[in-house]
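Basis for what follows: all heavy atoms, side chains included, without hydrogens, waters or symmetry-related copies. Every number for a ligand or one of its atoms is a count from 1 in the order of the listing.
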Amino acid sequence: MAYQHIKVPSQGQKITVNADMSLNVPDQPIIPYIEGDGTGVDITPVMLKVVDAAVAKSYGGQKKIHWMEMFAGEKATRVYGPDVWLPDETLEASREYVVSIKGPLTTPVGGGIRSLNVALRQELDLYVCLRPIQYFKGVPSPLKEPEKTNMVIFRENSEDIYAGIEYEAGTEKAKKVIDFLTKEMGVKKIRFPATSAIGIKPVSIEGTERLVRKAFQYAIDNDRPSVTLVHKGNIMKFTEGGFRDWGYALAKKEFGAVEIDGGPWMKFRNPRTGKDITVKDAIADAFLQQILLRPAEYSVVATLNLNGDYISDALAAQVGGIGIAPGANMSDSVAMFEATHGTAPKYAGKDYVNPGSEILSAEMMLRHMGWTEAADLIISSLEKAILSKKVTYDFARLMDGATQVSCSGFGQVMIDHM
Ligand SMILES: NC(=O)C1=CN([C@@H]2O[C@H](COP(=O)(O)OP(=O)(O)OC[C@H]3O[C@@H](n4cnc5c(N)ncnc54)[C@H](OP(=O)(O)O)[C@@H]3O)[C@@H](O)[C@H]2O)C=CC1
Ligand SMILES: O=C(O)CCC(=O)C(=O)O
Ligand SMILES: [Mg+2]
């Protein structure tokens with residue numbers, strides 16, 4: 001397809017998807033990227049450089065990524081015009097080229113545009129937000145035994161309060177919804193109806209099942225001992241409670257799980273290893289204290305959208321902060337990789353922040369493409385860079401004897417260790 005502002009590289013081919021959803025990855029794939037707002041201008045060029053170095057070093061020129069810039073956020077408004085935050089062709093290119101990576105995008109609080117990050121996930125139906133939390137030796141952490149935190153979060157990415165069905169206090173629409181609830185649905189519990197804003201939280205069986213299915217499959221493929229369904233189903237009985245119940249039901253229906261001691265916990269046999277996988281659940285508030293006190297008891301975590309947002313930053317902090325917390329947004333075919341953190345606007349353009357989250361997101365992307373040698377090289381060079389104590393401000397301020405380096409400086413330290 002011909003694009004208006006996206007320049008397709010003259011060399012390279014598209015990644016394509018087979019009928020069974022596996023990928024055909026050419027040796028010279030074209031991979032689209034979004035630079036991102038705020039510190040996106042700092043971390044994205046460093047990520048591109050580090051990935052290029054890892055690929056060149058691993059495959060001696062036989063494989064090479066041809067990067068293709070696409071636009072979203074503030075940069076899109078400069079390229080396409082003042083009101084174009086998420087051009088259609090960015091969505092089109094994300095679909096057409098199958099695998100992409102993005103920097104963070106700003107969302108104003110209160111009014112203004114709705115989240116472009118959420119819009120990308122919804123438009124492309126990237127229903128899995130996959131956020132692995134692992135400890136790298138030498139990283140400063142507030143925990144005594146940070147290596148015990150080793151979890152993979154499956155955050156439902158398409159529903160929940162993130163659906164964006166919200167009505168501002170005092171508007172006609174809010175009044176209409178409140179009238180409907182009070183007059184037709186018999187709701188008597190809205191304490192200040194005239195000044196209430198209203199948000200709607202849809203959670204479906206299909207949405208839950210497709211997410212939880214991926215979490216179970218991940219546990220099978222990666223020899224993980226448990227999957228925990230995290231919810232607030234004691235309060236939100238039909239949405240969050242539904243998520244829990246449908247998750248357990250799916251374990252039984254599709255994975256042959258049986259109840260342990262009368263339930264609700266279950267277990268099923270991993271067909272690859274013969275070991276049991278425990279399916280359990282935890283209420284979100286208790287879970288947030290358990291992950292600090294007994295992190296070793298949790299492995300794969302499946303949860304709803306808002307819980308997953310909170311949990312991913314909290315868990316990232318346990319292993320050194322959101323400066324090295326990576327992630328992926330995935331549908332059955334399309335994947336868009338991105339850091340867990342945001343645009344950190346106070347540091348934008350200062351070549352200061354940790355590029356580790358976006359680099360590790362790229363590492364997940366390489367592994368997703370089957371380029372494991374390059375992915376492994378990124379991990380080993382990151383480990384060596386941290387152990388050499390040449391680190392960005394976020395680690396330097398907590399490490400004894402560290403030398404603080406810039407964002408691009410840290411990328412160079414990684415490359416020097418390849
Ligand atoms: N997926 C996305 O694109 C996301 C976008 N956002 C958006 O980003 C904007 C800013 O959000 P905010 O709540 O401030 O959250 P941020 O994640 O942008 O920043 C919060 C704090 O996290 C630390 N931090 C963030 N990035 C890095 C990094 N690369 N290296 C080291 N430390 C880092 C900094 O801590 P300290 O100051 O202590 O050093 C920073 O002040 C908002 O508009 C929000 O909507 C938020 C999350 C995700
Ligand atoms: O879209 C945003 O601005 C915030 C997104 C976010 O917090 C996340 O992806 O974890
Ligand atoms: Mg978040």
For ligand 1, find out whether one of its N or O atoms is nearer than 3.5 Å to an N or O atom of P104.
-> no
Indicate yes or no: does an N/O atom of G342 lie under 3.5 Å from an N/O atom of ligand 1?
-> yes
So, N354 side chain and T392 main chain: donor-acceptor pair closer than 3.5 Å or not?
-> no
Got an N/O contact under 3.5 Å between L105 and ligand 1?
-> yes
Closer than 4.0 angstrom: is that true for some heavy atom of T340 and an atom of ligand 1?
-> yes
Using a strict cut-off of 4.0 Å, indicate which atoms of ligand 1 neighbour a heavy atom of V353.
-> 28 (C), 29 (N), 30 (N)
Identify the protein heavy atom lying closest to atom 8 (O) of ligand 1, giving its residue, its atom name and the separation to 0.1 Å.
-> T343 N, 3.0 Å
Just one of T372, V51, D376 clears the side chain to side chain contact (heavy atoms under 4.5 Å, CB included) bar with L366, so which one?
-> V51
For ligand 2, which atoms have a heavy atom of T107 less than 4.0 angstrom away?
-> 1 (O), 2 (C), 3 (O)
Provide, to 0.1 Å, the distance between atom 18 (O) of ligand 1 and the closest protein heavy atom, together with that atom's residue and name.
-> A344 N, 2.7 Å
With a 4.0 Å cut-off on heavy atoms, is K102 touching ligand 1?
-> yes
For atom 32 (N) of ligand 1, the option (of Y393, Y352, F395) bearing the nearest heavy atom = Y393
Say whether T106, considering both its backbone and side-chain N or O atoms, lies within less than 3.5 Å of an N or O atom on ligand 2.
-> no
List the closest protein heavy-atom neighbour of atom 4 (C) of ligand 2: residue, atom name, distance to the nearest 0.1 Å.
-> N117 ND2, 4.3 Å
With a cut-off of 2.8 Å, does any N, O or S atom of D309 fall short of it relative to the Mg ion (ligand 3)?
-> yes
How close does the nearest protein non-hydrogen atom get to atom 20 (C) of ligand 1, and which residue and atom is it?
-> I322 CD1, 4.3 Å
Take atom 38 (O) of ligand 1 and look for protein heavy atoms under 4.0 Å from it; say yes if you find one, no if not.
-> yes
Could you check atom 1 (N) of ligand 1 against the protein and tell me its nearest heavy-atom contact, residue, atom and distance included?
-> E338 OE1, 3.1 Å
Of all the non-hydrogen atoms in the protein, which one sits nearest to atom 7 (O) of ligand 2, and at what distance?
-> D309 OD1, 3.2 Å
Before signing off on this row, confirm whether S115 and ligand 2 have an N or O atom pair separated by under 3.5 Å.
-> yes
Mind checking whether T106 has an N or O less than 3.5 Å away from an N or O of ligand 1?
-> no
From atom 26 (N) of ligand 1, is the closest protein heavy-atom distance below 4.0 Å?
-> yes
